[in-house]
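Okay, structure first, notes after.
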Amino acid sequence: MSLYGRPDYARTCRHLGVPRTLPRSGVNVLVRPIAGEAETFDACAPYPLLHVPDWRAFAADLEAIDDLVSLVAVVDPACAPGRDVLATVFRDRLLAFKPHHLVRLDPSAPLAHVHPEHRRRARRAAERVEVEVVESPGAHAFDWVRLYGGLRARHGIRGAADFPEAALAAQLELPGMMLVRAVQDGRTISIATWCVSGERAHYHLGASDDQGYAAQAAYAVFAVSLPALAARGVTWIDLGGAAGGVAVEDGLARFKRGWANDVADAWLGGRVLAPQHYARLVHGRASGTWFPAYRAAVAA
């Protein structure tokens, strides 16, 4: 099972809601109170993706829920079925959220597909930093929390990706988490974390400090990460997409695209579980693509 589908991962997302494991499919969702509504709740997927091992069982779980107004999720491309199946499960909202950059990894040449400019920057960065795949990711929790805190301040991270420090540290202890770090003058200046499950992997989170940005250390980290993943038997990697909730051409998207050789849509799905209650909550609101519509003024 993907790390994103594990209940212990869902527990690290408690800043979004209270974890609940659905009985038939084993899918984990996060139950959230709806502002201004007494004892009224909806649900979302753990950040960043919903992993569903059995779509038939998941659909049966949704039919049986009687205490939630709606569910919203971005589906993990690693387990996404065809659009027809998704449209049946998420019958109230289904849209291509944003493209995810993928790597179809050649184990014999894991960097052969990488953009030449990325390879050049990685070589230059490797002259300035030392990079290692660490055996015990949890041993580097202090540096990881420090670097992610700097990223949070630099980019004003809010909402789903705004993990508490304890959650960031706990994720490093989960099975399948791989951490790769760059060190300069004895100081950790850049880290990338990867979720590994058999032949598939996801780029989870990464961060650099000012020293790391100056050295372009992230390029060296990725240049070590891809061969390390190949050595673990990984042949498919989801690098994710642009930052935030829209498909934009930002620096992060350009960085990821240079390491990728394929692309796939990540689908956002919405399901109304209590139609009458949902209709009351959205009454008088302008229609749009946001789901659920009653959360359109706040982060979903």
Side-chain angles (χ1 to χ4, degrees), residues 2-6 8-19 28-32 42-51 71-78 97-101 137 140-141 143-174 176-180 190-195 201-209 212-213 218 221-222 225 237-257 266-269 290-292 295-300:
S2 166
L3 188 151
Y4 290 144
R6 295 175 56 94
D8 45 3
Y9 177 79
R11 288 193 288 272
T12 72
C13 297
R14 292 185 69 93
H15 62 298
L16 299 178
V18 177
N28 296 283
V29 299
L30 302 168
V31 176
R32 317 174 290 181
D42 62 11
C44 66
Y47 176 85
L49 298 168
L50 177 75
H51 184 80
L71 168 71
V72 64
V74 178
V75 178
D76 184 352
F97 184 55
K98 57 184 176 181
H100 276 210
H101 301 287
H140 298 275
D143 282 326
W144 174 228
V145 169
R146 171 180 60 83
L147 289 173
Y148 199 79
L151 182 75
R152 179 188 289 113
R154 178 187 291 264
H155 294 288
I157 294 175
R158 297 291 183 270
D162 189 12
F163 285 102
E165 292 183 358
L168 292 169
Q171 288 173 1
L172 298 185
E173 302 286 355
L174 297 177
M177 186 65 77
M178 185 178 92
L179 184 149
V180 183
S190 184
I191 283 177
T193 57
W194 305 82
C195 301
H202 293 77
Y203 173 53
H204 181 50
L205 297 168
S208 301
D209 60 14
Y213 280 109
V221 167
F222 264 61
S225 295
I237 306 170
D238 184 351
L239 299 179
V246 294
V248 296
E249 181 60 17
D250 62 2
L252 181 60
R254 289 190 293 272
F255 176 79
K256 291 178 177 180
R257 188 173 59 245
W267 292 90
L268 182 143
W290 199 285
F291 190 92
R295 287 186 179 266
V298 296

Looking only at non-hydrogen atoms, find the nearest pair between Arg32 and Leu16 and report the distance. CG-O, 3.1 Å
On a heavy-atom basis, the closest approach of Ala10 and Pro19 is O-CG, 3.7 Å
Spacing of CD1 belonging to Ile237 relative to SG belonging to Cys195, to within rounding of 0.5 Å: 12.0 Å
Of all heavy-atom pairs linking Pro48 and Tyr9, the shortest is CD-OH, 3.9 Å
Applying side chain to side chain contact (heavy atoms under 4.5 Å, CB included) to Val18 and Leu30, what does each step give before you reach the verdict? CA-CA 5 Å; Val18 177; Leu30 302 168; over 6 Å; no
Quick one, Leu50 with Val74, criterion side chain to side chain contact (heavy atoms under 4.5 Å, CB included). Give me CA distance, side-chain angles, the key distance, then yes/no. CA-CA 6 Å; Leu50 177 75; Val74 178; over 6 Å; no
Testing the basics here: between His15 and Gly159, what is the closest heavy-atom pair and its distance to 0.1 Å? CD2-O, 3.8 Å
Under the side-chain contact (heavy atoms from CB on, under 4.5 Å) test against Thr193, which residue among His202, His140, Met177 passes? Met177
What is the distance from atom CD of Glu173 to atom OG1 of Thr12, rounded to the nearest 0.5 Å? 12.5 Å
Measure from the side-chain N and O atoms of Lys98 to the backbone N and O of Ala242, and report whether any donor-acceptor pair falls under 3.5 Å. yes
Reported OH-to-CG distance for the pair Tyr148 and Leu168, which is rounded to 0.5 angstrom: 6.5 Å
Mind checking what makes side chain to side chain donor-acceptor pair (under 3.5 Å) contact with His204, not counting sequence neighbours? Tyr4, Gln171
Would Lys256 and Phe222 count as a side chain to side chain contact (heavy atoms under 4.5 Å, CB included) here? Give the steps. CA-CA 10 Å; Lys256 291 178 177 180; Phe222 264 61; 5.7 Å; no
How far does CZ of Phe163 sit from SG of Cys13, to the nearest 0.5 angstrom? 4.5 Å
Tell me the closest heavy-atom pair linking Asp42 and Pro292, and the distance in Å. OD2-CG, 3.9 Å
Taking the side chain as C-beta and beyond, is there a heavy-atom pair between Tyr213 and Arg154 under 4.5 Å? yes
Listed partners of Ser225 passing side-chain contact (heavy atoms from CB on, under 4.5 Å), at least two apart: Val180, Trp194, Val221
If you compare all heavy atoms of Ile191 against all heavy atoms of Trp144, which two are closest, and at what distance to 0.1 Å? CG2-CE3, 3.5 Å
So, taking the atom named CG in Leu151 and the one named CZ in Arg146, what distance separates them when rounded to the nearest 0.5 Å? 12.5 Å
Once you round to the nearest 0.5 Å, how far does CG of Leu71 lie from SG of Cys44? 8.0 Å
Hey, are Arg11 and Asp8 close enough for a salt bridge, meaning a charged N less than 4.0 Å from a carboxylate O? no
Go through the steps for His100 and Leu49 under the test side chain to side chain contact (heavy atoms under 4.5 Å, CB included), then give the verdict. CA-CA 12 Å; His100 276 210; Leu49 298 168; 4.0 Å; yes
